2 protein chains.
Amino acid sequence: MNQILSNINIKVNENLYLKNPESSVLGKKILKEGIPLIDELGFDDFTFKKLAKVIKSTEASIYRYFENKHKFLLYLTSWYWAWMEYKLLFATTNIECPKDRLNRTIKLLTEEVIEDGNIPHINERLLSHILIAESSKAYSTKMVDDENNIGAFASYKQLVQRISDIVIEINPNYKYPHMLISTIIEGSHHQRFFSEHLPKLTDVLEGEDAITSFYTELTIQTISNNY
Amino acid sequence: MNQILSNINIKVNENLYLKNPESSVLGKKILKEGIPLIDELGFDDFTFKKLAKVIKSTEASIYRYFENKHKFLLYLTSWYWAWMEYKLLFATTNIECPKDRLNRTIKLLTEEVIEDGNIPHINERLLSHILIAESSKAYSTKMVDDENNIGAFASYKQLVQRISDIVIEINPNYKYPHMLISTIIEGSHHQRFFSEHLPKLTDVLEGEDAITSFYTELTIQTISNNY
DNA sequence: GCAAATATAATAGTATTACTATCGTTTTTG
DNA sequence: CAAAAACGATAGTAATACTATTATATTTGC
């Protein structure tokens, strides 16, 4: 086994791949070239055949790693949320005040992702573009219940739970912490997409990150009241 | 022309169809049976061939109404938002207080849709299910800019604008009215989907409409502050 | 260092999808 | 009632989303 000692190791649910793509050179190539190809073509026009051509391999070989292209998308989203949780832990550890922790969390969730180059075969910035443009396709399918059963959305749910816990720490009486957090996560993705393609659905302002400001203010005011 | 004198007439952008489906018996059949079929199969598994079989017509005939199945989805979403605006006008007309108007609007946007049977060939309840489960597929595509240019999202944008105006009436200093409204619309759809398929991402409570309550409270508190 | 196991490449093949094209028959309408 | 429009029937195509088979590398365990 060619286990590379990478700085971090993002764990993805085993049911989302047939063979762990992180465990071989070909697997890493699939990730490394697959992400920019989905970003370029869009998920609908992306095919394993096209990816095989790019990495000079074959369709059949990619199918040995992923059952189908939808599982590949689930793998990528699952990786992304696990990675986000890891970043979040780092950004909030040792911070006493829960309001500060929540503010930093919302900033991280809603701001633009830049690549940190820690993982050479995954471009986090392009991956976040995919999440912004296509993540709803991960669950917007008739298979959602089966996929949920095998743990396809576990890392997403875990992230939402972890942040909801901070909300409850700030206001134990707040009734809708999960709704609030999933609204922020999905919403910020939508707003970023809208600001590029359907600007009339947003309020893009120069010189500030309107999306982060909007969700930060909204959160503070929503949870700081007791009723 | 067999113009039926229906109570209301929802106008859909002409670029979304080749031939107006409201203008013929076959066209109305496409709508009448197409909506439940998409709801049943999901948009991905829905095909014109399958619909043709249900309505005892042919693929080619359906293609004379809609360029492709994506345009059909755009037609349906566009129809839905135009219908929603019409409902909204009725629900808020003659109401002086803008806060009351906004509350009624949010209720209408976020609560479950029941069929009113006004339009015999469109089941609004099933259509709202389609919107909840699949509406992101309408814009989550590489063609979004071209489709936006031909007016595919005009009714959605108009609805958001109209509600944003109420927000601004309440608080002229509020900076993010469009973000707020599109967050509520998209968010409430997501929450309704999550409550059925991924309940850990929401907070479903018995005996009340948590989704409406959540977005109503959130809105009031977010816009009633000046900063 | 070599045989056995495993991974990958090459190729072929299939059912389905998302259309387009043609043409004959109804139906509509001016 | 003739001309036009709409519809149905049928056929055909390129691409997609896979599966299957076999040959050739590559890895690994002894």
Side-chain angles (χ1 to χ4, degrees), chain A residues 1-4 16-34 37-38 40-76 121 134 137-138 141-143 147, chain B residues 1-4 16-34 37-38 40-76 121 134 137-138 141-143 147:
Chain A
M1 298 292 137
N2 237 21
Q3 259 303 7
I4 277 172
L16 299 182
Y17 51 80
L18 298 171
K19 184 181 165 166
N20 190 346
E22 308 249 12
S23 73
S24 74
V25 174
L26 183 64
K28 283 185 200 125
K29 261 183 165 174
I30 291 172
L31 297 175
K32 183 164 192 159
E33 304 298 332
L37 194 61
I38 292 176
E40 186 197 334
L41 303 176
F43 185 68
D44 295 337
D45 290 343
F46 167 86
T47 69
F48 281 172
K49 199 169 196 171
K50 289 172 185 170
L51 176 56
K53 205 176 168 187
V54 172
I55 62 174
K56 281 171 189 118
S57 178
T58 62
E59 239 182 319
S61 296
I62 299 172
Y63 272 104
R64 264 182 232 110
Y65 286 84
F66 296 101
E67 216 180 314
N68 51 54
K69 80 171 183 169
H70 190 249
K71 285 273 167 70
F72 186 43
L73 181 64
L74 289 176
Y75 178 94
L76 293 176
H121 55 282
E134 324 267 9
K137 286 170 191 162
T141 150
K142 281 279 153 178
M143 299 105 75
E147 291 174 341
Chain B
M1 296 295 136
N2 239 20
Q3 258 305 4
I4 277 170
L16 300 182
Y17 52 79
L18 299 172
K19 185 182 161 161
N20 190 347
E22 309 249 12
S23 74
S24 75
V25 174
L26 183 63
K28 282 185 201 125
K29 260 183 167 172
I30 292 171
L31 298 175
K32 183 164 191 157
E33 304 297 332
L37 194 61
I38 293 176
E40 184 196 335
L41 303 175
F43 185 68
D44 295 336
D45 289 344
F46 166 85
T47 71
F48 281 171
K49 199 168 195 169
K50 290 172 185 170
L51 176 56
K53 205 175 169 187
V54 172
I55 63 174
K56 282 173 189 116
S57 177
T58 62
E59 240 183 317
S61 295
I62 299 172
Y63 273 104
R64 271 182 217 112
Y65 286 83
F66 296 102
E67 219 180 311
N68 51 54
K69 80 170 182 169
H70 189 248
K71 284 274 167 70
F72 186 43
L73 181 63
L74 288 176
Y75 178 94
L76 292 176
H121 55 282
E134 324 268 8
K137 286 171 191 162
T141 150
K142 281 279 153 180
M143 301 104 76
E147 291 175 342

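Being a predicted model, the structure only gives us computed values, none of them experimental. Convention: sequence-line order gives letters A, B, ...; per-chain numbering from 1.
To the nearest angstrom, P of D/dT16 lies 9 Å from NZ of A/K69. For the pair B/D45 CG and D/dC18 C1', the interatomic distance rounds to 15 Å; values are reported in whole Å. Atom-to-atom, NZ of B/K71 to C1' of C/dA18 comes out at 14 Å; the value is rounded to the nearest Å. To the nearest angstrom, P of C/dT17 lies 10 Å from CG of B/L41. With rounding to whole Å, B/F66 atom CZ is found 14 Å from C/dC19 atom P. Protein atom CG of A/N68 is 16 Å distant from nucleotide atom P of C/dT17, rounded to whole Å. In this entry the distance linking CD1 of A/I30 with P of C/dA7 reads 13 Å, nearest Å. The interatomic distance linking A/I62 (CD1) with D/dA20 (P) rounds to 18 Å, in whole Å.
Backbone-only contact: B/K50 has heavy atoms under 4.0 Å from sugar-phosphate atoms and none from a base.
Residues passing the side-chain contact (heavy atoms from CB on, under 4.5 Å) test with B/N20, sequence neighbours excluded: B/Y17, B/E22, B/S23, B/Y75. Under the side-chain contact (heavy atoms from CB on, under 4.5 Å) criterion, B/K50 pairs with B/L37, B/L41, B/D45, B/T47, not counting sequence neighbours.
The aromatic rings of B/F46 and B/F48 sit perpendicular, their planes meeting at an angle over 60°, well past the 30° parallel limit.
Remark: the backbone N or O of B/Y63 is not paired with any side-chain donor or acceptor of B/K19 at under 3.5 angstrom. Distance alone, capped at 3.5 Å, is enough to place a donor-acceptor pair between the B/K69 side chain and the B/D44 backbone.
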Give every pair of a protein N or O atom and an N or O atom of nucleotides 8-12 of chain D that lie under 3.5 Å apart, one pair per line with the distance.
from  : atom 1 : to    : atom 2 : distance (Å)
D/dG8 : OP2    : B/S57 : OG     : 2.4
D/dG8 : OP2    : B/S61 : OG     : 3.1
D/dG8 : O6     : B/R64 : NH2    : 2.9

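Comparing atom distances between the B/Y63 side chain and each of D/dA17, C/dT20, C/dT8 picks out C/dT20 as nearest.
A sub-4.0 Å separation between OP1 or OP2 of C/dA7 and a side-chain N or O of A/Y65 is absent.
Side-chain contact check for A/L31 versus A/L76: some heavy-atom pair is nearer than 4.5 Å.
The number of heavy atoms from other shown groups lying within 6.0 Å of NZ (A/K53) does not exceed 12.
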